[in-house]
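Because only heavy atoms are used, hydrogens play no part in the values below, and waters and symmetry mates are left out as well, while side chains stay in. All chains are named by letter (A, B, ...) in the order of the sequence lines, taking the proteins before the strands, and each is independently numbered beginning at 1.
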Amino acid sequence: MRTLIKHALAATEPRDFIQLGGWVRTRRDSKDFSFLELNDGSCFASIQVVADAGIPGYEQIADFTTGSSAVVEGSLVASPAAGQKWEVKARNIRLIGTADATYPLQKKGHTLEFLRTIAHLRPRSNLFGAVFRMRSKLALAVHEFFQSRDFVYVQTPIITASDCEGAGEMFRVTTLKGNIDEQPTTDFFGKKAYLTVSGQLEGETFACALSNIYTFGPTFRAENSNTARHAAEFWMIEPEMAFCDLQGDMDLAEEFIKSLAKYALEHCAEDLGFFAKFVDKGLPERLKFVVERPFVRVPYTEAVDILTKSGKKFEFSVVYGQNLQSEHERFLTEEHFKSPTTVFNYPRDIKPFYMRVNDDGKTVTAMDVLVPGIGEVIGGAQREERPDVLVEQMKHHNLNPADYWWYADLRKYGTVPHAGFGLGFERLIMFLTAVSNIRDVIPFARTPGNAEF
RNA sequence: UCCAGAGUAGCUCAAUGGUAGAGCACGCGGCUGUUAACCGUGUGGUUGUAGGUUCGAGUCCUACCUCUGGAGCCA
């Protein structure tokens, strides 16, 4: 029965028999014995195996190369040398799969760019093992956060005919051959269909029935974006709450980010330690800061004031009524407030139709949560629940209300104030690991011109 | 898509317009309860692609490809 290395290393006492399986990270030969570093990905650390010459399997010792796979049986004993608490005194070693000299992962630091070209092997590296173990833990933390607050998990469709306006270009889904625009009525769904850019509109229908819901699934944007924080396929978390206003929305967003940072600190210490050592020394401090300190909240108008009066020279000037540029957002979070910052009440014209119009008639209840180093991780709003205003908003944005008949029905029958937001899961992982490129926190990144794996 | 930068050995990088090198990896030898082991030694190249300038191009020019950083779109 195989034991995971994670459990072997957590042992409280020696064990007479243990079986381990994993991949050889490195081998150090002595005259009469060899050290094998075995890693199975169950935890960050590898385990040291001591194999004496003469034990079964040792005749193949030269083939236990970096990258090869092996099963080892022996006893778990306290290590006499510094560097590890436990090691395995092998009784036999079995080579399962060889890895010849062409194995691309070497016993040294590789650039992230190179590792992206071997995305099928990079999970075997220290950094990517840590990233994907942590990603898994955080996915669980997302569900725990919402489930413990009685939110219902809703799986909104991946294929959709509705364009969540403002969310970007969509991938067309079709079974038509030739000219796919000629007769959409003969297409598989009888109309044009796309990969979803957001589950929000569908999510709202469930919030207006089950009160508090969340989605957590893949999302697609066909934008030709070439940046470290955009991908064509990413995972988004979208809570939606009935009987909730913008304040409640901002409260939940802040609580959510704090909760995940706390979860990472409590459950991912070993992997976080690696990020702190090799990626960003300030990471643990930053996470503690996020957990302990309230986020800054500032209305858009005030944010513009701060930027205007800062005396800072920006490449793009600050203009009221226009979107904040990346450099403006960075100034607010990284220099002015030095804290995660929620900006709210944006001008109506630069935000989508479904956001609730404020009493001033000029702004809507939009809110963006900005974090240092990443920028926007959350975008959300209180939704327009007044039927007449919603229709007016659609027209204002040049949309045909008939296309959104079922969405408008939510306001026609038992409308309620409700609010929600979208959080990019990868961006959150970037923030919590300090890994600065989105391509390195998703198993197989889809970006323009890149879908090899 | 726009702006900037970079493509040289398996990897990370050197090389004034004049004989393409080093470290690591890998092979061989040695040494050692070792820790990305160490010491010696050897193998390793169509300098991203296609043109051009020049007696001579890794180096200069043009186009294209790829990647990186920044910007826009946003999560």
Side-chain angles (χ1 to χ4, degrees), chain A residues 25-37 45-52 62 65-67 77 79-84 87 89 99-118 125-126 164 166-169 196-200 215-216 218-238 253 278 314-316 322-330 350-352 366 368-371 374-380 421-431 436-439 441-442 447-450 452:
Chain A
R25 281 291 176 84
T26 181
R27 188 184 85 239
R28 295 179 288 274
D29 293 325
S30 217
K31 189 178 286 179
D32 300 318
F33 61 97
S34 294
F35 295 106
L36 293 171
E37 250 358 280
S46 303
I47 196 165
Q48 174 162 288
V49 175
V50 185
D52 286 330
T65 53
T66 301
V77 298
S79 177
Q84 60 280 315
E87 65 183 27
K89 182 81 177 161
D100 68 17
T102 63
Y103 183 65
L105 272 175
Q106 300 175 5
K107 314 182 270 191
K108 64 166 204 163
H110 283 295
T111 60
L112 295 172
E113 292 79 23
F114 171 69
L115 290 167
R116 274 173 220 149
T117 68
I118 49 166
S125 67
N126 283 334
C164 191
E169 291 297 309
T196 183
V197 291
S198 167
Q200 181 201 316
T215 73
F216 185 5
T219 309
F220 307 87
R221 305 275 166 94
E223 297 289 345
N224 190 8
S225 294
N226 290 286
T227 80
R229 58 190 185 284
H230 289 87
E233 177 183 307
F234 62 99
W235 282 60
M236 189 152 68
I237 297 145
E238 297 182 288
F278 289 100
F314 293 110
E315 191 186 339
F316 297 92
Q322 290 186 9
N323 261 315
L324 299 180
Q325 302 281 324
S326 285
E327 57 173 340
H328 304 151
E329 297 180 347
R330 292 175 71 148
I350 58 172
K351 290 293 180 182
D368 286 349
V369 179
L370 314 172
V371 298
I374 314 288
E376 186 179 341
V377 286
I378 283 181
F421 61 78
L423 174 136
F425 189 47
E426 285 76 17
R427 288 192 184 172
L428 185 83
I429 296 169
M430 289 165 71
F431 182 57
S436 59
N437 195 310
I438 197 168
R439 298 172 183 88
V441 296
I442 192 165
T447 51
N450 203 331
E452 175 70 17

- Item | C1' gap between rU59(B) and rC2(B), integer Å | 29 Å

- Message: Output the pairing pattern of RNA chain B as a dot-bracket string, 5' first, Watson-Crick or G-U wobble with both distances under 3.5 Å, | for cross-strand pairs, [ ] for crossing pairs.
- Response: (((((((..((((....[..)))).(((((.......))))).....(((((..]....))))))))))))....

- On a plain distance test, is the side chain of E223(A) in donor-acceptor contact with the base of rG72(B) below 3.5 Å? no

- Partners meeting side chain to side chain contact (heavy atoms under 4.5 Å, CB included) with F314(A) (sequence neighbours left out): L307(A), S310(A), K312(A), V318(A), E327(A), H328(A), F331(A)

- Task: Return yes if some donor-acceptor pair links the side-chain N/O of E233(A) with the main-chain N/O of F220(A) below 3.5 Å, else return no.
- Result: no

- From S125(A) atom OG to H110(A) atom NE2, the distance as rounded to the nearest 0.5 Å: 8.5 Å

- Item | Separation of rU34(B) C1' from K31(A) NZ (nearest whole Å) | 15 Å

- Sub-3.5 Å donor-acceptor pair from the side chain of T65(A) to the main-chain atoms of A99(A), do we have one? yes

- From CG of D29(A) across to P of rC39(B) the rounded distance in Å is 17 Å

Enumerate all atom pairs, one protein N or O and one N or O from nucleotides 63-71 of chain B, separated by less than 3.5 Å.
from, atom 1, to, atom 2, distance (Å)
rU68(B), OP1, R116(A), NH1, 2.5
rG69(B), OP1, N437(A), ND2, 3.4
rA71(B), N6, N226(A), O, 3.3

- Looking for any heavy atom pair under 4.0 Å, which part of the strands does F35(A) touch: base, sugar-phosphate only, or nothing? base

- Query: In chain order, what residues pass the ring pair (Phe, Tyr, Trp, His ring centres under 6.0 Å) check against F425(A), with sequence neighbours excluded?
  - Reply: F216(A)

- Query: For P80(A), which contact category applies under a 4.0 Å heavy-atom criterion: base, sugar-phosphate, or nothing?
  - Reply: base

- Length of the line joining F421(A):CZ and rC74(B):C1', which is rounded to integer Å: 16 Å

- What interatomic distance, in whole Å, is found between C1' of rU8(B) and the corresponding atom of rU47(B)? 4 Å

- Task: Mark yes or no for a side-chain to base donor-acceptor pair under 3.5 Å between Q84(A) and rU34(B), with no hydrogen or angle criteria applied.
- Result: yes

- With sequence neighbours left out, the residues meeting side chain to side chain contact (heavy atoms under 4.5 Å, CB included) with I374(A) are V371(A), V377(A), R427(A), M430(A), F431(A)

- Would you tell me whether T66(A) and K107(A) have side-chain atoms, one donor and one acceptor, within less than 3.5 Å of each other? no

- Rounded to whole Å, CZ of R28(A) lies from P of rG33(B) at a distance of 13 Å

- Task: Can you tell me, in whole Å, how much space there is between the C1' of rA57(B) and that of rG18(B)?
- Result: 10 Å

- Q106(A) CD to rG27(B) C1', straight-line distance once rounded to whole Å: 15 Å

- Could you pull out all residues at least two apart from F33(A) that satisfy ring pair (Phe, Tyr, Trp, His ring centres under 6.0 Å)? F35(A)

- Nearest-Å distance once atom C1' is located in both rG5(B) and rC74(B): 26 Å

- Does K107(A) put a side-chain nitrogen or oxygen below 4.0 Å from OP1 or OP2 of rA37(B)? yes

- Message: When the C1' atoms of rG45(B) and rC11(B) are compared, how many Å lie between them, rounded to an integer?
- Response: 15 Å

- Between S79(A) and rG33(B), does any side-chain N or O lie under 4.0 Å from OP1 or OP2? no

- Message: Could you tell me how far rG21(B) sits from rG58(B) if I compare only their P atoms? Round to whole Å.
- Response: 13 Å

- Query: How many Å lie between CG on N323(A) and P on rC74(B), as a whole number?
  - Reply: 6 Å

- So what does I438(A) hit on the nucleic acid, given a heavy-atom distance under 4.0 Å: a base, only sugar-phosphate, or nothing? base

- Message: Say we look at rG23(B) and rC39(B): how far apart would their P atoms be, to the nearest angstrom?
- Response: 11 Å

- Task: Using a heavy-atom cut-off of under 4.0 Å over every strand shown, decide if E87(A) touches base, sugar-phosphate, or nothing.
- Result: base

- Task: May I have the distance from E169(A) (atom CD) to rU1(B) (atom P), rounded to whole angstrom?
- Result: 14 Å

- Tell me, with the steps shown, if E37(A) and S46(A) meet side-chain hydrogen bond (donor to acceptor under 3.5 Å, both in side chains). CA-CA 6 Å; E37(A) 250 358 280; S46(A) 303; 4.6 Å; no

- Task: Give the rounded distance in Å between these two atoms: CD of E238(A) and P of rC74(B).
- Result: 15 Å

- Message: Heavy atoms only, 4.0 Å cut-off, all strands: where does G375(A) land among base, sugar-phosphate and nothing?
- Response: nothing

- Nearest to side-chain heavy atoms of E37(A), which nucleotide of rU35(B), rC74(B), rU12(B): rU35(B)

- Name the nucleic acid region contacted by Q48(A), choosing base, sugar-phosphate or nothing; use a 4.0 angstrom heavy-atom cut-off, strictly under. base

- Message: Counting only side-chain nitrogens and oxygens, does S30(A) get under 4.0 Å of the OP1 or OP2 atom of rU34(B)?
- Response: no

- Message: Does the structure show F234(A) stacking with rA75(B), if we require the centres to be closer than 5.5 Å and the planes to be within less than 30 degrees of parallel?
- Response: yes

- Task: Let me know, please, whether T26(A) or Y103(A) comes out on the 5' side of the other along RNA chain B by nearest nucleotide.
- Result: Y103(A)

- Between rA71(B) and rA22(B) - P atom distance, rounded Å: 41 Å

